[in-house]
Amino acid sequence: MKIRNKGFEVLSDGKHNKSVAFTREERELYGLRGLLPYSTVSQDVQVKRIMDGLKRKSTDIERYILLSLLHDRNEKLFYRVVTEYIEEVMPIIYTPTVGQACKEFSNNFKRTRGFYITPEDKGEISKILDNWPEDYVKVIVVTDGERILGLGDLGANGMGIPIGKLELYCACAGIHPHQCLPVMLDVGTNNDELLDDILYLGYPFKRLQGEEYFELVDEFVQAVQEKYPKALIQFEDFLTPNAYTLLNKYKDKVLCFNDDIQGTAAVALSGVYASTRITGIPFKDLKVMFLGAGSAATGIADLMVAAYMKEGLSKEEAHRQLWFVDVNGLVVEGRGDLMEHNLPYAHSHEQLGFEEAINAIQPHILIGATGVGGTFTQTVIEKMTALNDRPVIFALSNPTSKAECTAEQAYEWSDGKAIFASGSPFDMVNYKGQEFKPGQGNNAYVFPGIGLGAIICNAKNIPDELFLVAAKTLSDLVSDEDIDAGALYPKLKEIRNLSLEIAVAVADKAYELGIAKNQKPHNLRKFITDYMFNPEY
Ligand SMILES: NC(=O)C1=CN([C@@H]2O[C@H](COP(=O)(O)OP(=O)(O)OC[C@H]3O[C@@H](n4cnc5c(N)ncnc54)[C@H](OP(=O)(O)O)[C@@H]3O)[C@@H](O)[C@H]2O)C=CC1
Ligand SMILES: CC(=O)C(=O)O
Ligand SMILES: [Mg+2]
């Protein structure tokens, strides 16, 4: 470790600070004598102090604040805690608590993290980007805060999402923290409550829209390309029409992806693959019904089409296996209210309500991505159970309050038959004396590994093949023991290894496709392992 500062500056530099873990020699060297209490403790003991501190807090938002202050104070200790206790800590730094943290972002704002761009920066984004202190940014997560989880337009308060996603990049895939850049494209908000709140810290105007909006995003993308030409841009939580416009504009030219469309697709497809090991239904025969026809659901369907085609189905046959229901009922031909991404799935059929549609289509799998809690009612789950020995139910909406149904409801209403996964975590459920462990169908299982693979090989772009290979790799890592327990995903505590395996597969595929700009290392797995950030002192 190279530290140039002395004394208090060392202790207030989160990147290097070890606090009471500084040894006698280090205290002498960095001018810390007299500035710390006598005892020198190990990082293990510091981890224990933090975990004890978390237990003493009475709410998750207080735990979020404790961890966020730790992140500022001592980066390595923060990542040791997150890496070692990922199952306990992920629900705090990520969904569901990050939803609450975003709502309260302005109120709880203490120390800045990340980069803010507003319409006032037009023409100067490149210049102000020079204020960012790091030279080697590799991963950028950017949002404009218009669709934060299922919570709607949270404006600049949505900054909690890029921060949380990048924390997962470092903890789950070992990206180096100084190579991460959270970005808030603060183009205003249409949320009147925020605009009326004197504590709101964002750009206090209505959202920039149309041409001007896309020009600002374009200037940002160009500025990043110039300053950090190897950086991956992850678009996150944009409103669906903008999410698609931006993805279609940049996906072939820039190293980027939309996590809600493509990351979610990979994690859901992985769960679908795994479900076939439980139900015994061949993948190509699966009929899937989506509730919600936005970016998350359509992204999944589009990747499933590619997966079906790999199994020999034609594009048209693949589309026919996938059915959507939205607020206005079954998505069918001739409906005048559909968006472009819905059209391939608007089949010739009479228009029906959700429950009638389940009866008519008889899906094996139900995937909810509505952003509306409770939309999988008891009747819906009972209908799915009447049609299937083992109905597969994904309630993907976040945070927990927006889940289409809870884990407990899925198991109770299906009399223990449902194979269930949700976007936000649920605890184990005991139903009629049997223990059920719900899976977490969240893109957090895949985006860190996909991003790691893409930056390691310096991919030109991220085509669908890379998401397909990520999905397959993850599903192959679900153990027989997990499958026997009805789980669709491996245990979260294995996430670092899962991300490594996904990264290897993604980079390998990029080399095979000829889109990797870096030379292929002799031993790709070792090369990636050697790169990965280790939070131990
Ligand atoms: N688990 C995971 O990894 C991920 C989960 N998500 C979650 O998915 C949710 C949706 O995100 P996204 O697709 O981007 O949002 P969108 O707003 O694009 O999509 C929501 C869709 O649901 C429809 N809808 C709303 N209410 C109902 C209802 N009562 N019945 C049927 N359909 C309804 C909407 O119709 P209309 O437009 O007509 O209102 C729209 O088609 C969010 O909660 C988000 O947190 C997203 C990404 C990843
Ligand atoms: C998980 C995620 O990306 C979302 O809910 O938007
Ligand atoms: Mg998202």
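Note that ligands are numbered from 1 as they come in the structure, with each ligand's atoms numbered from 1 the same way. Just so it is clear, the structure is predicted and the values come from calculations on it, not from any experiment.
Remark: ligand 1 and S295 share an N or O pair separated by less than 3.5 Å (distance only, no angle test). An N or O contact shorter than 3.5 Å links N398 to ligand 1 by distance. Of the polar atoms of N443, at least one N or O is found under 3.5 Å from an N or O of ligand 2, judged by distance alone.
Side-chain rings of Y308 and H319 stay apart, their centers remaining 6.0 Å or farther from each other. Taking the ring centroids of F467 and F257, they lie under the 6.0 Å cut-off. Between Y345 and F324, a ring centre-to-centre spacing shorter than 6.0 Å is recorded.
Against a heavy-atom cut-off of under 4.0 Å, R147 is close to the following atoms of ligand 1: 11 (O), 12 (P), 14 (O), 15 (O), 44 (C), 46 (C). Listed by atom number, the atoms of ligand 1 under 4.0 Å from G423 heavy atoms are 1 (N). Numbered from 1 in the order shown, with element, the atoms of ligand 1 that lie under 4.0 Å from a heavy atom of T375 read 29 (N). Atoms of ligand 1 found under 4.0 Å from any heavy atom of G441, numbered from 1 in the order shown, are 1 (N), 2 (C), 3 (O). Counting atoms of ligand 1 from 1 in the listed order, those under 4.0 Å from a heavy atom of D326 are 31 (C), 32 (N). When each atom of ligand 2 is checked for a heavy atom of R147 under 4.0 Å away, the hits are 6 (O). The distance from ligand 2 to the heavy atoms of Y94 drops below 4.0 Å at these ligand atoms: 1 (C). The E236 neighbourhood of ligand 2 comprises atoms 3 (O), with distances under 4.0 Å to a heavy atom of that residue. Near V372, the atoms of ligand 1 lying under 4.0 angstrom from a non-hydrogen atom of the residue are 25 (C), 26 (N).
Closest protein heavy atom to atom 16 (P) of ligand 1: T240 OG1, 3.6 Å. Of the protein's non-hydrogen atoms, N398 ND2, 2.8 Å is the one closest to atom 5 (O) of ligand 2. The shortest contact between atom 9 (C) of ligand 1 and any protein heavy atom is with S397 OG, 3.5 Å. The shortest contact between atom 23 (C) of ligand 1 and any protein heavy atom is with G292 CA, 3.7 Å. Summary of contacts: the protein heavy atom closest to atom 3 (O) of ligand 1 is N443 N, 2.9 Å. Scanning the protein heavy atoms around atom 5 (C) of ligand 1, the nearest turns out to be L396 O, 3.1 Å. Protein heavy atom in closest approach to atom 10 (C) of ligand 1: A369 O, 3.5 Å. Ranking the protein heavy atoms by distance from atom 13 (O) of ligand 1 puts A296 N, 2.9 Å first. In this structure, the protein non-hydrogen atom closest to atom 36 (P) of ligand 1 is V327 CG2, 3.5 Å.
A donor atom on one side chain and an acceptor atom on the other are found under 3.5 Å apart for T59 and E62. A donor and an acceptor atom, one from each side chain of R390 and H364, are nowhere located under 3.5 Å apart. A side-chain N or O of E167 and one of H71 form a donor-acceptor pair less than 3.5 Å apart. Looking at Q262 and N258, their side chains never bring a donor and an acceptor atom within 3.5 Å of each other. In summary, the side chains of Y213 and D218 do not present any donor paired with an acceptor at a separation below 3.5 Å, with no hydrogens or angles considered. Checked by atom type, the side-chain pair N157/S106 shows a donor-acceptor distance below 3.5 Å. Between the side chains of K165 and Y94, a donor-acceptor pair is found at a separation under 3.5 Å.
Atom 41 (O) of ligand 1 has its nearest heavy-atom neighbour, among A293, G152, G368, G150, in A293.
The side chain of N442, and not its backbone, has at least one atom closer than 4.0 Å to an atom of ligand 2 (non-hydrogen atoms only; side chain from C-beta on). Under 4.0 angstrom from ligand 2, the non-hydrogen atoms of K165 all belong to its side chain. Here T370 has heavy atoms under 4.0 Å from ligand 1 in both its backbone and its side chain. Counting heavy atoms under 4.0 Å from ligand 2, residue T264 does not touch it at all. Looking at L291 against ligand 1, only its side chain comes within 4.0 Å, counting heavy atoms.
A salt bridge links D326 with R335: the closest approach of a Lys/Arg side-chain nitrogen to an acidic carboxylate oxygen falls below 4.0 angstrom.
Heavy-atom separations between F447 and ligand 2 are all 4.0 Å or longer. In this structure, T95 has no heavy atom closer than 4.0 Å to ligand 2.
More than 12 heavy-atom neighbours from other residues, nucleotides or ligands sit within 6.0 angstrom of CG on D337. The 12-atom threshold is exceeded at CD of E435, counting heavy atoms of other residues, nucleotides or ligands nearer than 6.0 Å.
The main-chain N or O of D144 is found under 3.5 Å from a side-chain atom of R207 such that the two form a donor-acceptor pair. No donor-acceptor distance shorter than 3.5 angstrom exists from the side chain of N242 to the backbone of F238, with no hydrogens or angles considered.
Per residue D237, closest N, O or S atom to the Mg ion (ligand 3): atom name OD1. Taking the N/O/S atoms of D260 in turn, the shortest distance to the Mg ion (ligand 3) belongs to OD1. Checked against the Mg ion (ligand 3), the N, O or S atom of E236 at the shortest distance is OE2.
Of the residues listed (Y273, F420, Y445), the one engaging Y489 in a ring-ring contact (aromatic ring centres under 6.0 Å, His included) is Y445, and it is the only one.
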For the pair N398 and S424, evaluate side chain to side chain donor-acceptor pair (under 3.5 Å) and give the outcome as yes or no after the intermediate values.
CA-CA 6 Å; N398 298 313; S424 297; 2.7 Å; yes
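Of all heavy-atom pairs between V82 and A171, the closest is CG1-CB, 3.5 Å. When all heavy atoms of S397 and E404 are compared, the closest pair comes out as OG-OE2, 2.6 Å.
Atom 25 (C) of ligand 1 is approached by the protein to below 4.0 angstrom, counting heavy atoms only.
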